[in-house]
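This chain uses plain numbering: 1 for the first residue, then up along the sequence.
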Amino acid sequence: MYHSKLLEKCLRNSTDFLFQVVSKAEFQFLTSPIFRNITIAAWDPCRYNSSLEEWLEAPDFDLFTNFQLYSMDNGSRGNFYIIDPRSIWRLWESLQDYSHTPIRRNPPSSGFLGISLLIPICSYIDVIEYIPSVRLNGRCHYYDTEMNPACSFGEWHPLAAEKLMALDMNSADDFAIFQSGILRIRSSQRTTCK
């Protein structure tokens, strides 16, 4: 996956990351304090094998408007990046190569995308409740109130393939994963990210 040196520098200066939708009004992206003083890596899946030109003409979600408004509001203080959608599909292809069975051609989840962004620059990543622990609550996202157990297994994203690959990369013991909900993925870099 392509990482710009500037994005890598911003990620190295952080230790906690939140992967959130920036195009949905209910998250109040432009006004909520949760989106201040952080690095934002926004993504839009587009269609598989679309060119950048096709994506720019017809994105699935309008993150360009928020990008422009955020940049005007925050100037050089804003660390807002838009991920090349082709890299999202290359990540899906990696999942497909790893999987022993065909997976549906839907983009990886934000969580898995976040893991892939952080692996090259962190010595390890602690991912909370990515592999459901005994505290499984049935919600699709931490901010949801709807209970939907299908989200743990992949209703839209290829979650089953993602979780098997992440579990294969895990270095934590079974107690940490299944009791505490902490998956630890190690890398060869020096920075620690949680």
Side-chain angles (χ1 to χ4, degrees), residues 1-12 14 17-24 39-64 66-67 79-132 140-141 148-172 177 183-189 191 193:
M1 176 167 297
Y2 172 76
H3 301 285
S4 75
K5 293 295 180 190
L6 188 56
L7 176 58
E8 184 174 322
K9 179 182 175 191
C10 290
L11 292 173
R12 280 188 190 278
S14 300
F17 299 91
L18 172 67
F19 293 92
Q20 182 65 277
V21 179
V22 300
S23 59
K24 293 185 178 180
T39 298
I40 298 165
W43 66 280
D44 180 81
C46 78
R47 289 180 319 277
Y48 184 75
N49 282 337
S50 290
S51 68
L52 277 180
E53 292 76 21
E54 292 169 324
W55 173 62
L56 290 168
E57 288 177 20
D60 287 352
F61 299 97
D62 181 19
L63 44 102
F64 301 117
N66 278 343
F67 176 78
N79 294 318
F80 190 122
Y81 302 91
I82 297 177
I83 298 170
D84 183 327
R86 297 170 300 180
S87 64
I88 294 165
W89 288 110
R90 283 194 298 274
L91 183 59
W92 177 88
E93 289 168 351
S94 295
L95 281 168
Q96 181 58 74
D97 290 345
Y98 179 82
S99 181
H100 298 291
T101 59
I103 58 175
R104 202 175 330 155
R105 195 175 287 161
N106 288 333
S109 67
S110 294
F112 199 72
L113 183 58
I115 290 169
S116 73
L117 284 169
L118 297 173
I119 281 176
I121 59 172
C122 300
S123 61
Y124 68 88
I125 306 162
D126 284 339
V127 188
I128 311 303
E129 292 295 337
Y130 190 68
I131 304 294
C140 293
H141 305 97
N148 184 349
C151 292
S152 291
F153 305 104
E155 187 172 46
W156 191 63
H157 300 296
L159 291 180
E162 291 178 17
K163 291 177 184 205
L164 286 172
M165 183 182 255
L167 193 56
D168 196 39
M169 294 185 288
N170 172 61
S171 65
I177 298 168
L183 177 77
R184 177 163 283 182
I185 298 174
R186 292 199 178 278
S187 185
S188 60
Q189 302 295 326
T191 307
C193 304

Exercise. To the nearest 0.5 Å, how far apart are SG in Cys46 and CG in Leu52?
Worked result: 8.0 Å
Exercise. How would you list, by chain and number, every residue that makes a side chain to side chain donor-acceptor pair (under 3.5 Å) with Asp168, sequence neighbours excluded?
Worked result: Tyr98
Problem set entry | Distance in Å, Asp126 CG paired with Arg186 CZ, rounded so as to fall on 0.5 Å steps | 8.5 Å
Exercise. For Trp55, which residues count as a side chain to side chain donor-acceptor pair (under 3.5 Å) partner, sequence neighbours excluded?
Worked result: Asp44
Problem set entry | side chain to side chain donor-acceptor pair (under 3.5 Å) partners of Gln96, counting only residues at least two apart | none
For this session: Check side-chain contact (heavy atoms from CB on, under 4.5 Å) between Ser51 and all other residues, then give those that pass, not counting sequence neighbours.
Result: Glu53, Glu54
For this session: Can you see which heavy atom on Pro158 is nearest to which on Leu95, and at what distance?
Result: CG-CD1, 4.0 Å
For this session: Taking side chain to side chain donor-acceptor pair (under 3.5 Å) as the test, write out the residues that go with Ser109, two or more places apart.
Result: Glu162
Seminar exercise, completed: For Ala166 and Tyr130 the tightest heavy-atom approach is CB-CE2, 3.8 Å
Problem set entry | Nearest-0.5 Å distance, CD1 of residue Ile131 to CG of residue Leu167 | 5.0 Å
For this session: Measure the CG-CD1 distance between Leu117 and Ile83 for me, rounded to the nearest 0.5 Å.
Result: 4.5 Å
Exercise. Taking side chain as C-beta onward, heavy atoms only, is Leu118 less than 4.5 Å from Ile185?
Worked result: no
Problem set entry | Closest non-hydrogen atom pair between Tyr124 and Arg184, with its separation | CE1-NH2, 3.0 Å
Exercise. Just wondering, do Trp43 and Ser110 contact through their side chains at under 4.5 Å, heavy atoms?
Worked result: yes
For this session: Of all the heavy-atom pairs spanning Arg104 and Trp92, show the shortest one and how long it is.
Result: O-NE1, 3.0 Å
Problem set entry | Non-hydrogen atoms of Pro45 and Pro85 that approach each other most closely | O-CB, 4.0 Å
Problem set entry | Close side-chain approach of Pro59 to Phe64, heavy-atom, < 4.5 Å | yes
Problem set entry | Pairing residues for Thr101 by the side-chain contact (heavy atoms from CB on, under 4.5 Å) criterion, not counting sequence neighbours | Ser99
Problem set entry | Shortest non-hydrogen separation from Ile115 to Ile125 and the atoms involved | O-CD1, 3.8 Å
